[in-house]
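Below is one structure, written out as structure tokens; comments come after it.
These values consider heavy atoms only, across backbone and side chains, with no hydrogens, waters or symmetry-generated copies.
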2 protein chains.
Amino acid sequence: MREPPSSAPEGSLIDPEVHVESFRQAREARRLELVEDYVELIADLIGDGGEARQVDIAARLGVAQPTVAKMLKRLAEDGLVQQRPYRGVFLTAAGEALAAQSRERHRIVERFLCAVGVSPETARRDAEGIEHHVSAETLDAFRRFADGHSDA
Amino acid sequence: MREPPSSAPEGSLIDPEVHVESFRQAREARRLELVEDYVELIADLIGDGGEARQVDIAARLGVAQPTVAKMLKRLAEDGLVQQRPYRGVFLTAAGEALAAQSRERHRIVERFLCAVGVSPETARRDAEGIEHHVSAETLDAFRRFADGHSDA
DNA sequence: GCATAAGTATAGCTATTGCTATAACTGCGC
DNA sequence: GCGCAGTTATAGCAATAGCTATACTTATGC
Ligand SMILES: [Mn+2]
Ligand SMILES: [Mn+2]
Ligand SMILES: [Mn+2]
Ligand SMILES: [Mn+2]
């Protein structure tokens, strides 16, 4: 930490200021993961059955219902959902927009993994985590690749 | 939640028991992210300068030094590192093993992203988050693809 | 219309991951 | 050998994300 950038050529380490950017980006993505998964799931549940209820969200996410209740409160505070007490939860315009974007990115990542030779089951599972860390540039590359490798 | 698997064909939703597996896997990966990043970084710092000091770890991760101190205590409890007070931190055999595995996976993911057309800078940044969600099967696919697309 | 089941809300707990402020220690320079 | 800069340790706080237990509300069957 006390030498100019070009004096220690021994290891595999890059410049600290550059290195830290990657970790910051990953932390920011991790911070948004849950929110993205929630609005995407809520949109899917509403599209599937007309309503998104806490118990169904909890069952799909694999968490307890009070955990969902608390998160929905936060999403409501953030203006992404609107909940009517003892009725379901609905997406605001902002929530719809984030859900659409998240769903599209999710779909592209999963399709790309399949295109590169991963089995559908593994692609489904890995995509659930990978999606949140895929930047716009990488998403473009994934889309191009998948498009070029579909038999349509 | 009260109907047999094949009765509501309207939406894009898969079986809840299948769906939940993806979310559980992503949560588990998220739980291990920090640990993997720490041991990998510690291994790199030791390889580069012979020692891993809290201030350097903190600077690379972009967090405060007490945050690193607390995490190192946890890693020591978990048997991954050994710290000597006011000296640096060192990896145990278990820590070395996890570091080697994490670094290799990280390297493959980054190389793969480049091979698929992502710029080196974006590949570096996205790989920092993506790596933790890549299963063994997907890693194999990435490795195969990158090997087939290197000009060596 | 009432009992009961299903769903939701709330309280209170824990663990994790971050922070700032400050104290304590080590190693060097002189 | 002492002082001081650098490093590490510790205390205390906050936000997030999970849990169980329990109370409350709604919907449904009869
Ligand atoms: Mn998703
Ligand atoms: Mn996801
Ligand atoms: Mn890594
Ligand atoms: Mn990482």
Side-chain angles (χ1 to χ4, degrees), chain A residues 1-3 16 20 23-39 41-42 45-46 49-78 80-90 128-129 132, chain B residues 1-3 16 20 23-39 41-42 45-46 49-78 80-90 128-129 132:
Chain A
M1 293 297 282
R2 61 197 83 60
E3 27 202 316
V20 76
F23 285 117
R24 283 194 206 282
Q25 174 178 308
R27 268 202 307 280
E28 177 65 8
R30 205 172 48 197
R31 204 177 61 82
L32 301 175
E33 266 186 55
L34 260 189
V35 171
E36 293 169 350
D37 284 339
Y38 265 85
V39 296
L41 178 55
I42 290 168
L45 283 169
I46 291 176
E51 61 179 7
R53 294 181 305 184
Q54 291 188 10
V55 282
D56 293 335
I57 296 172
R60 299 239 165 215
L61 292 179
V63 298
Q65 167 265 325
T67 299
V68 173
K70 197 189 296 185
M71 178 61 59
L72 292 183
K73 209 172 285 182
R74 234 189 72 204
L75 295 179
E77 284 168 9
D78 294 353
L80 293 170
V81 306
Q82 191 186 359
Q83 43 183 350
R84 284 181 294 187
Y86 289 94
R87 304 301 170 93
V89 58
F90 304 91
E128 193 57 76
H132 310 281
Chain B
M1 294 298 281
R2 59 198 83 59
E3 27 203 317
V20 76
F23 286 117
R24 283 194 206 282
Q25 174 177 309
R27 269 202 306 280
E28 177 65 9
R30 205 172 49 198
R31 203 176 63 82
L32 301 175
E33 265 185 56
L34 259 189
V35 172
E36 293 169 350
D37 283 339
Y38 265 85
V39 295
L41 178 55
I42 290 168
L45 284 169
I46 290 177
E51 61 178 8
R53 292 182 307 184
Q54 290 188 11
V55 281
D56 294 335
I57 296 172
R60 299 239 164 216
L61 292 178
V63 298
Q65 168 265 324
T67 300
V68 173
K70 199 189 293 185
M71 178 60 61
L72 292 182
K73 208 172 286 181
R74 235 190 69 204
L75 295 179
E77 284 168 9
D78 294 352
L80 292 170
V81 307
Q82 190 185 359
Q83 43 183 350
R84 284 180 296 184
Y86 288 93
R87 304 300 171 94
V89 59
F90 303 90
E128 193 57 75
H132 309 283

Expressed in angstrom and rounded to an integer, what is the separation of A:Glu28 atom CD from C:dG18 atom P? 13 Å

Whole Å only: how far is the CD atom of A:Glu77 from the P atom of D:dA15? 11 Å

B:Lys73 NZ to C:dG18 P, straight-line distance once rounded to whole Å: 16 Å

Can you tell me whether the side chain of A:Gln65 and the base of C:dA9 have a donor-acceptor pair closer than 3.5 Å? yes

Distance in angstrom units between A:Arg84 CZ and D:dT25 P, rounded: 19 Å

Look for any protein N or O under 3.5 Å of an N or O in nucleotides 14-17 of chain C and output each such pair with its distance, or none.
| unit_1 | atom_1 | unit_2 | atom_2 | d |
| --- | --- | --- | --- | --- |
| C:dT17 | OP2 | B:Arg74 | NH1 | 2.1 |

Any salt bridge between B:Arg31 and B:Glu28, counting N to O under 4.0 Å? yes

A:Gln54 CD to C:dG7 C1', in whole Å, measures 8 Å

Check: B:Gly62 main-chain N/O paired with A:Arg27 side-chain donor or acceptor under 3.5 Å: yes

Give the minimum heavy-atom separation between A:Gln83 and A:Gln54, together with the two atoms involved. OE1-NE2, 4.4 Å

Give a yes or no on whether a salt bridge exists between A:Arg74 and A:Glu77, defined as a side-chain N under 4.0 angstrom from a carboxylate O. no

To check you understand the geometry: which heavy-atom pair defines the closest contact between B:Leu61 and A:Val20, and what is its length? C-CG2, 3.7 Å

What contact category does B:Pro66 fall into here, base, sugar-phosphate, or nothing, at under 4.0 angstrom with non-hydrogen atoms? base

To the nearest angstrom, the CZ-P distance between A:Arg53 and D:dT26 comes to 15 Å

Side-chain heavy atoms of A:Ile42 within contact of A:Leu72, under 4.5 Å: yes

A:Tyr38 pairs by side-chain contact (heavy atoms from CB on, under 4.5 Å) with which of A:Leu41, A:Leu34, A:Val35? A:Leu34

What pair of heavy atoms forms the shortest contact from B:Ile57 to B:Ala52, and how long is it? CD1-CB, 4.4 Å

Taking N or O atoms only and anything under 3.5 Å, show me the protein contacts with nucleotides 27-29 of chain D, one pair per line.
| unit_1 | atom_1 | unit_2 | atom_2 | d |
| --- | --- | --- | --- | --- |
| D:dA27 | OP1 | A:Arg87 | NE | 3.3 |

Which heavy atom of A:Arg60 sits nearest to which heavy atom of B:Pro16, and what is that distance? NH2-CG, 3.5 Å

Between its two end axes (five pairs each) the helix from C:dG1-D:dC30 to C:dC30-D:dG1 turns, nearest 10 degrees, through 10°

Write down the distance between CG (A:Leu61) and C1' (D:dG18), rounded to a whole number of angstrom. 12 Å

Is there side-chain contact between B:Glu128 and B:Asp37, with at least one heavy-atom pair below 4.5 Å? yes

Whole angstroms only, please: what is the CG-P distance between A:Leu45 and C:dG7? 13 Å

Quick one: does B:Glu36's side chain get under 4.5 Å of B:His132's, heavy atoms only? yes

